[in-house]
Each structure stands twice: as C-alpha cells, then as structure tokens.
Amino acid sequence: MHDDPLIQKQIHKRLTLNVLIQGFAVYAASTAHRLVRDELETVRPGITRRIDRLVPTLDLSMHQGELFLLVGPSRRFWRRIRKPSHPFFGHTLLTRHGWDLQVQARRRLRKTMWRTGVPPWLLTVWVAAYWRLIGTVLAERRHHRRLADVARLATHRVWGIDADRLKAGYALDCKVGQPLPARTWQGRFFSNNAAGWSVVTRFYDGQLGVHAKAWSWHLIVHELVKGVAELVCLHGLNRLDDEDYAAVIDRTDHIENELWMLQTGPELVRRLMELVEPDPPPAIYLMEIAKLEPDRLERLMLAVIETPDYARTLLAELVAKHTAPLDDTVGLG
C-alpha cells in the first residue's frame, strides 16, 4: 500500500476507472454486432447468429470454467479483500459491492446461456466456449480484412470515435504495446494465452488512437471498445506528474486484476447506463466521470449502486456542465 494518502486515492480512482473500462468492453461489445448486422451478413452470411451464441458463452467463461483451476473460487478472493495484501484493499466500492456485482452478472449470464441451448454448468460452459470460439474463428478465416473494417465501424457506432483513429487486425499472437510484466504465474498464463489485446497509441498524424488484435471479430470489437474507453479515461490521470502517474499505474494496471474487473465491471456499467439519458452519448458521461476527483468519483459510484435516484441527479448535473463537443474529447472525432 502506498504511503502517500493522495497517491493512494489516485490508485483507488484508477482501479474504479479500470472497472468501468473493462465493464464497458463487455457491456457494449456484447451487442455491438447488432449495430452492424447488415454489414456483417454481407461479408459472411450467418455470422451474427454465431456471435449471438458466442458472446454469453465467452462472458460466462470469465466467471467459471478453467479459471476456477487457475485462480480459485471467486468467493474466496472477495472474502480476502480486507487484507492489506489484497490488490483491492481499501477500495470502498469493491469492498462493499465487488462480490455482489460479480454474482449479479453471473446470474444474468446463466439465464442467457439457457436460452442459447447450453446448460450453464462449469464443464459445459468450458467446452461450449472453446467449441463456439473455434467455430467462429474458422467461419471468419477468409474474411479478415473486411471483418476488421466492420469491427472499426461497430466501435465508431458505439463510441462516436472516427474509424480512422482505430487500427484492428486478426492474430493468434495478439500482444500489442508494452504491457506491465505479470507478477504471478497466473498472470503469465493470462498474458501468454490472451485471445485479444489493445493499446492506446499515437498515430502518424500525431493523434491518439487504439490498436487492437484478437482471434475473432467479437474479441476485436471488445478490445477496440476497451481501448477507446481507456482513451477517454486518460482525462482521469492527465494532471499527475510522471512519477506519480508511474506509481499509480504500477499498482493498478496488471493483468492479474483484469479477471475480477471483467466479472464486476459489466454489472456496474449496466446499472450506470440505466441512469443516463441517450443524449449526450456515453463517451461524454465517461469522460466527465473520469475527470472527477477521487472522493467525488467514489461517492458517485457508490450512489449508482446504493441510491440510484440520487446518482441519476448527480450524473445529469455532471454532464450539464460539459460544453465541449464530442470531437474535443481525447482522440475522438
């Protein structure tokens, strides 16, 4: 735990933003294929049905399957959160609600799994996830370039970002950028076997954008959506000097934390999106949330869960102060 209380608050803020980033990646990418259904069907007839069946299976596999063997029971992880050695120790939002957010997300996914014809049991989800992913990878293998363009279009329709600020491609070895080194054998396993990766990067014209690689179309969109969320959330750390920024990132942005954020983030984002208006778009809400001071951010996120009506008022007041157009957000437009 960092000795400087101000830096510790920034660490907790970054953890909250990371939960939102991972949550948006799952929440938005799960329906992004429906935004470009016509374009997908033109490239590969029948692909949208495959993605419809693949998405809940992959999402539920983040809660169970072989991950149980790698990291142990989720309940045990969340029970240990009050120990100083825990990666989320002292984080009020996750201490109070991390376990419940994960449970609610898993329940929703299990109901969806029944509708896809696969019982949501540990072994069947594990088998179905690999079977459906392999089938989708094979179905897309001759259409990579056109499908990558549709992935960029889908991300544009989710966030409003100019597709020229997005670079996407298929790859089995999909690492991009220079991620922090894994600290555990589980982290090394996740890193070496990742099915998708993204990074915020600066393009040739000097503008920031997102570069993503993955095994399949859905995973490419997941990584692009996550990358744009990261891009928007740069507003949340741009006031830190280089030393403090490095200290915050070193405590928060490790691959070992991602699994738990993938489990909790979607439910937090779902509750958040129930409280916001269609206009302004989600990128504006996320940007204004990222700019909040740590204490205000904590109060807002707690309100989203504990007092939704109050949170709705806070969110409306937050974006009412926003005057810049969407194009002025970092890397957008």
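The figures that follow rest on heavy atoms only: side chains count, while hydrogens, waters and symmetry mates do not.
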For L172, the other hydrophobic cluster members (4.5 Å side-chain criterion, sorted by chain and number) are L54, L58, L133, V137, W215, L219

Does D52 pair with R132 as a salt bridge, N-O distance under 4.0 Å? no

Next item on the list: Is it possible for you to say whether Y130 and V127 belong to one hydrophobic cluster, with membership spreading through side-chain heavy-atom contacts below 4.5 Å?
Entry: yes

| Is the backbone of T252 close enough, under 3.5 Å, to the side chain of N257 for a donor and an acceptor to pair up by distance? | yes

For this session: Determine, for R251 against D4, whether the closest basic-nitrogen to carboxylate-oxygen distance falls under 4.0 angstrom.
Result: no

query = With hydrophobic residues grouped by side-chain heavy-atom distances under 4.5 Å, do W159 and L231 end up in a single group?
reply = yes

Do I51 and W217 pass the side-chain contact (heavy atoms from CB on, under 4.5 Å) test, and can you show the C-alpha distance, the side-chain angles, and the key distance before you say yes or no?
-> CA-CA 8 Å; I51 296 172; W217 187 89; 3.6 Å; yes

Query raised in the report: When you look at Q263 and L101, which way does the side-chain contact (heavy atoms from CB on, under 4.5 Å) test go after all the steps?
Result: CA-CA 8 Å; Q263 292 181 354; L101 289 170; over 6 Å; no

Using the rule that Ile, Leu, Val, Met, Phe, Trp and Tyr join whenever any side-chain heavy atoms are under 4.5 Å apart, tell me whether W114 and M62 fall into a single cluster. no

- Message: Ring centroids only, cut at 6.0 angstrom: are H12 and F88 within range, meaning strictly under it?
- Response: no

Salt bridge or not between R14 and E230? Use side-chain N to carboxylate O under 4.0 Å.
yes

Validation: residues 38-48 side-chain donor-acceptor distances under 3.5 Å, sequence neighbours left out:
unit_1: E39; atom_1: OE2; unit_2: R157; atom_2: NH2; d: 3.3
unit_1: E41; atom_1: OE1; unit_2: G46; atom_2: N; d: 2.7
unit_1: E41; atom_1: OE2; unit_2: G46; atom_2: N; d: 3.4
unit_1: E41; atom_1: OE2; unit_2: I47; atom_2: N; d: 3.4
unit_1: E41; atom_1: OE2; unit_2: T48; atom_2: N; d: 3.1
unit_1: E41; atom_1: OE2; unit_2: T48; atom_2: OG1; d: 2.6
unit_1: T42; atom_1: OG1; unit_2: D38; atom_2: O; d: 2.8
unit_1: R44; atom_1: NE; unit_2: A139; atom_2: O; d: 3.1
unit_1: T48; atom_1: OG1; unit_2: R37; atom_2: NH1; d: 3.4

For R142, the side-chain contact (heavy atoms from CB on, under 4.5 Å) test, sequence neighbours excluded, returns none

*Report yes or no: do I21 and V225 belong to one cluster of Ile/Leu/Val/Met/Phe/Trp/Tyr joined by side chain heavy-atom distances under 4.5 Å?*
no

- Aromatic plane relationship, W78 with W260 - under 30° parallel, 30 to 60° tilted, over 60° perpendicular: perpendicular

* Same hydrophobic cluster for W131 and V55, using side-chain heavy-atom links shorter than 4.5 Å among ILVMFWY? -> no

Apart from I134 itself, members of its ILVMFWY cluster (side-chain separation under 4.5 Å) are L138

Hey, are R96 and E306 close enough for a salt bridge, meaning a charged N less than 4.0 Å from a carboxylate O?
-> yes

message = Between T184 and G187 (side chain of the first, backbone of the second, donor and acceptor by atom type, cut-off under 3.5 Å), is there such a pair?
response = yes

*Salt-bridged, E298 to K13, with N to O below 4.0 Å?*
no

Taking every heavy atom of V221 against every heavy atom of A32, the minimum-distance pair comes out as CG1-CB, 3.7 Å

Below 3.5 Å, can you tabulate the donor-acceptor pairs from side chains in residues 274-287 to any protein atom, sequence neighbours excluded?
unit_1: E274; atom_1: OE2; unit_2: R270; atom_2: NH1; d: 2.5
unit_1: Y285; atom_1: OH; unit_2: E277; atom_2: N; d: 3.2

Practice prompt. Over 60° means perpendicular and under 30° means parallel, so classify the ring planes of H144 and Y170, tilted if in between.
Written response: parallel

Note: T57 and R53 closest approach over all heavy atoms is OG1-O, 2.8 Å

Q | CA sep, side-chain torsions, deciding dist, call: E258, Q22, side-chain contact (heavy atoms from CB on, under 4.5 Å) | A | CA-CA 8 Å; E258 286 194 12; Q22 298 291 348; 3.5 Å; yes

Evaluate the criterion side-chain contact (heavy atoms from CB on, under 4.5 Å) for residue pair T116 and M113; output intermediate values, then yes/no. CA-CA 5 Å; T116 70; M113 282 297 296; 4.1 Å; yes

Margin query: Taking the basic N atoms (NZ, or NE/NH1/NH2) and the acidic carboxylate oxygens, is any pair closer than 4.0 Å for D162 and R165?
Written below: no

Practice prompt. Verify the distance criterion only: is there a donor paired with an acceptor across the side chains of Q64 and R110 at less than 3.5 Å?
Written response: yes

Next on the checklist: Taking the cut-offs as 6.0 angstrom to the six-membered ring centre and 45 degrees off its axis, would you call K213 and W197 a cation-pi pair?
Outcome noted: no

R145 meets the side-chain contact (heavy atoms from CB on, under 4.5 Å) criterion, sequence neighbours left out, with none

### Query
Are any side-chain N or O atoms of Q102 and backbone N or O atoms of T264, one a donor and one an acceptor, separated by less than 3.5 Å?
no

**Prompt:** Is a side-chain donor or acceptor of H91 paired with a backbone partner of I81 at a separation under 3.5 angstrom?
**Reply:** no

I'd like to know if the side chain of H156 and the backbone of I161 have a donor-acceptor N/O pair within less than 3.5 Å. yes

